[in-house]
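Note that the coordinates shown come from a computational prediction; the quantities given were computed from them, not determined experimentally.
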Amino acid sequence: MKTSIITLALAGSLASALASVVAVPASAADTSKEKCYGVALKGQNDCAAGKHDCAGKSKVNYDKMSFKLVPTGSCVTVKTPKGHGSLTAA
């Protein structure tokens, strides 16, 4: 009985320690960056929607459904051969 209580206590302590160490991804916590749609080159998107599910999966340049993280406030000034960047997916 005493061994199982000690084992449970150790498991709980380990779970708590691991939960406190888990870091928030930089893209979610970093407010100095914003999602800019339509500016990523093929295979260089940070994430997206549509025909692929995430980073590096874009098959075309300047895909309007894929975003690249850029410094906050700079997205709409980015000019590509297909137009300017957008803060929303097309």
Checklist line | Partners meeting side chain to side chain contact (heavy atoms under 4.5 Å, CB included) with Lys35 (sequence neighbours left out) | finding: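 Applying side chain to side chain contact (heavy atoms under 4.5 Å, CB included) to Lys35 gives Tyr37, Phe67, Leu69.
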Can you tell me how far the [atom1] atom of [X] sits from the [atom2] atom of [Y], to the nearest 0.5 Å?
| X | Y | atom1 | atom2 | value |
| --- | --- | --- | --- | --- |
| Glu34 | Thr72 | CD | OG1 | 5.0 Å |
| His84 | Cys75 | NE2 | SG | 10.5 Å |
| Ser66 | Leu41 | OG | CG | 11.0 Å |
| Ser58 | Gln44 | OG | CD | 9.5 Å |
| Thr88 | Met65 | OG1 | CE | 10.0 Å |

Notebook entry, point to check: Of the non-hydrogen atoms in Ser74 and Pro71, which two are nearest, and what is the gap between them?
Noted result: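 Between these two residues, the closest heavy atoms are OG-O, 2.7 Å.
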Next item on the list: Would you mind listing the cluster partners of Val60? Hydrophobic ones only (ILVMFWY), side-chain contacts under 4.5 Å, chaining allowed.
Entry: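 Noted: Val60 shares its cluster with no other residue.
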Next item on the list: For Asn45 and Lys68, indicate whether the former's side chain and the latter's backbone hold a donor-acceptor pair under 3.5 Å.
Entry: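 It does not hold such a pair.
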